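Here is the structure we will look at.
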2 protein chains.
Amino acid sequence: MKQKITLKEISRRFNVSISTVSKALKDSPEISEKTKEIIQAFAKEHNYKPNNIALSLKNQKTKNIGIILPEIVHYFFSSVITGVERLATEKGYNVIVCISNESFDKEVINMQMLANGSIDGFIMSLSKDTEKKQDFHHINEVINQGMPVVMIDRVTDKVNCDKVIIDDFHGAYSAVSYLVESGRKNIALITMPDYMSVGKLRTEGYKKALIDAGIQVDEDLIVKVEDFYSGFEPVEELLKNHNVDAVFGVTEFFAVSAMKIAQKMGKTAPKDISFVGFTDGIISISSSPSLTTVSQHGEEIGEKAADLLIKRLEEEDFELRPYETEIIKSSLVKRESTQ
Amino acid sequence: MKQKITLKEISRRFNVSISTVSKALKDSPEISEKTKEIIQAFAKEHNYKPNNIALSLKNQKTKNIGIILPEIVHYFFSSVITGVERLATEKGYNVIVCISNESFDKEVINMQMLANGSIDGFIMSLSKDTEKKQDFHHINEVINQGMPVVMIDRVTDKVNCDKVIIDDFHGAYSAVSYLVESGRKNIALITMPDYMSVGKLRTEGYKKALIDAGIQVDEDLIVKVEDFYSGFEPVEELLKNHNVDAVFGVTEFFAVSAMKIAQKMGKTAPKDISFVGFTDGIISISSSPSLTTVSQHGEEIGEKAADLLIKRLEEEDFELRPYETEIIKSSLVKRESTQ
DNA sequence: CTGAAAGCGCTTACAG
DNA sequence: CTGAAAGCGCTTACAG
């Protein structure tokens, strides 16, 4: 069984037309039973499968969906892909993954590449760069060309499209409220710069929870860290100079890193300091003590995004429906780092 | 700027033929400067980009590469994807990601879907199921059809193709030797069932290191764990009933989980027990104490695999070259869990 | 019941 | 310098 076989080759083999072969293989009633039988048998034997590219060109749809993510080596984003992939495969779609690497330029290039016919629609989360720049022309362009886009997690209201997000504000609110209820008073926050939409919302949730509990927000207890790779000295300073009894980190990595620093300073979690993170990944499970976190349900976000996208692609009436913003509920997973 | 514009539409706009437009946009010397100018200007204004699907059909190549992985929410595999994606994008290829979810059936279905024209070649790592079944017909079929395949990490010698692996044996060997050198005598192993190629090789490296150091292999110190989600009771038993002073885990998760169990039993790492893992991921960095690991260099593996694949796709002579097995060197990253 | 034709969007050897 | 034709692999309305 060498090389893929085509309709043309089958048609030559039996001295019939390509149309006849095509119809025979689709078991069309137009074709005689006898012809269908021999053609189908031959096709099966030679493992004939229609060429996807030809079908795409003919049908004007590729059955591919593109997903553009800031990075992938990260529990949240890889679980989003897992969710997208599952739903997509179930519906007969392939998933093309591009990584913007937090760069605006790469995000634009990736979108343009895929938009030239390779896919039917996009799922994407903004790069940091893009959030900083606030330039979304590439996304709006694609949408104007009639290609549906679903934004997830890091979204913007400058683009009108379907969105799937979690309730960052409430997730943070409930995490901090939980700390307050367990008797903590000096709750520090380790967050991201404000241009990151999710960092901002989680910070607001933190503040609101304190205010509602009658605790004054102390800006000295708030540290902003750029990303995973920048240093954590400010956190060290914070723990050294302030009498902190709880830390809320807006990522699990932030929380665990803070916990490690505290442990090195001789503090015990949760006895001396409680810790809560965001994103319920493998870090939270394997840290010691294991970390209480706000679970983002990445797979669910991915599935929901794929579902919205495919509906818009396939359901006649859906295409014209107003855009939705689906909010996936986060949940607090309590572990050993709090009491 | 609505909808994507085609050559046909441009040709109608200026009352010329499609061929002329096509050539003009390629800046062909066949076409007059004036014609080229106006056509190019118009195309630019309307953001014309050739349709990838049409190009694929014409050129008989898609510029897509397919990658099939057992899972993705896992540091090693997601870093492989990152490496593949980087090299692929650089060379003008897109990456289609499929997840077999450790299932043989899904692996087969994914391969067949993609093999029908969607991609030019495969990069893949075997699912557990496939390793257990030892059924590789789907891979050989694809190769027989002339589609190149590069296997990574979880490979088999039953398939003749390019491979990129790490030196699992030596990685384990050096990790265990390091433990021996630091004075440890009762070194436990937490590994996977033998049908997993990588688990087997790492186990062999562990044994050889002990033997070479004149330490007898004690099968009672070897625990086999199915996967992340199965329980770790056997590990608990091991640590309770044997006087273990070091643990080598064939994944970082195994090692960190064992460390947590030991800590709960009141042991301190590395004072009482040293721990070494495999896969240098984020778990190792964020555990407390941080974990000494054998780094697998996932991105490098991904890049190398993509490089081999694209070479076979593009370089005339390369296509006929004998298959290579590239071995990426692992390296021991020393952290706090050993001394 | 079978086949020729047109078309999806593009490229390119060939003719004029 | 421009265009008609053939072709990549397939589908389908239409003719016979």
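First the proteins, then the strands, lettered A, B, ... as listed; each starts at 1. Here the structure is a predicted model, which is why all the values come from computation and not from measurement.
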Which is true for [X] with a 4.0 Å heavy-atom rule: it touches a base, it touches only sugar-phosphate, or it touches nothing?
X: B/E30; value: base
X: B/S56; value: nothing
X: A/L55; value: sugar-phosphate
X: B/S22; value: base
X: A/Y48; value: sugar-phosphate
X: B/I18; value: base

*Please measure how far the P atom in C/dA4 lies from the corresponding atom in D/dA6, and state the result in whole Å.*
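My reading of the P atoms in C/dA4 and D/dA6 gives 15 Å.
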
Using atom C1' of each nucleotide, how far apart are C/dG9 and D/dC1 to the nearest Å?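 My reading of the C1' atoms in C/dG9 and D/dC1 gives 24 Å.
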
For a quick check under 3.5 Å, do A/D153 and A/S125 share a side-chain donor-acceptor pair by atom type?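 A/S125 and A/D153 do not have a side-chain donor-acceptor pair below 3.5 Å.
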
* Mind checking whether B/T130 and B/R154 have side chains closer than 4.5 Å, heavy atoms only? ->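 No. Closest side-chain heavy atoms not under 4.5 Å.
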
Spacing of [X] atom [atom1] and [Y] atom [atom2] [to the nearest 0.5 Å]:
X: A/K63; Y: A/N52; atom1: NZ; atom2: CG; value: 10.5 Å
X: A/I99; Y: B/T82; atom1: CD1; atom2: OG1; value: 4.0 Å
X: A/I10; Y: A/F42; atom1: CD1; atom2: CZ; value: 6.0 Å
X: A/L7; Y: A/K23; atom1: CG; atom2: NZ; value: 12.0 Å

message: If you apply the rule salt bridge (Lys or Arg N to Asp or Glu O under 4.0 Å), what do you find for A/E37 with A/K34, and how did you get there?
response: CA-CA 5 Å; A/E37 242 163 60; A/K34 203 157 75 191; over 6 Å; no

Parsed dot-bracket for DNA chain C after applying the Watson-Crick and G-U rules with both distances under 3.5 Å and | for other-strand partners is |||.||||||||.|||

Quiz item: Want to settle it: does A/S19 or B/K23 sit nearer the 5' end of DNA chain D, counting the closest nucleotide to each?
Solution: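 Looking at the nearest nucleotide for each, B/K23 comes out on the 5' side.
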
field: Pairwise 5' ranking along DNA chain D for B/S32 and A/L57, keeping only the more 5' one
entry: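 Taking each residue's closest nucleotide, the earlier one in sequence belongs to B/S32.
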
Practice problem: Could you check whether the rings of B/F77 and B/H74 sit parallel, tilted or perpendicular, using 30° and 60° as the cut-offs? | Solution: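 The rings of B/F77 and B/H74 sit tilted, inter-plane angle from 30° to 60°.
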
Practice task
Verify the neighbour count for atom NZ of B/K106: are there more than 12 heavy atoms of other residues, nucleotides or ligands below 6.0 Å?
Solution key: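 Atom NZ in B/K106 is packed in, count exceeds 12.
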
- First contact, last contact: which nucleotides of DNA chain C are these for chain B, 5' to 3', heavy-atom distance under 4.0 Å?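 Using the under 4.0 Å cut-off, the span is C/dC8 to C/dC14.
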
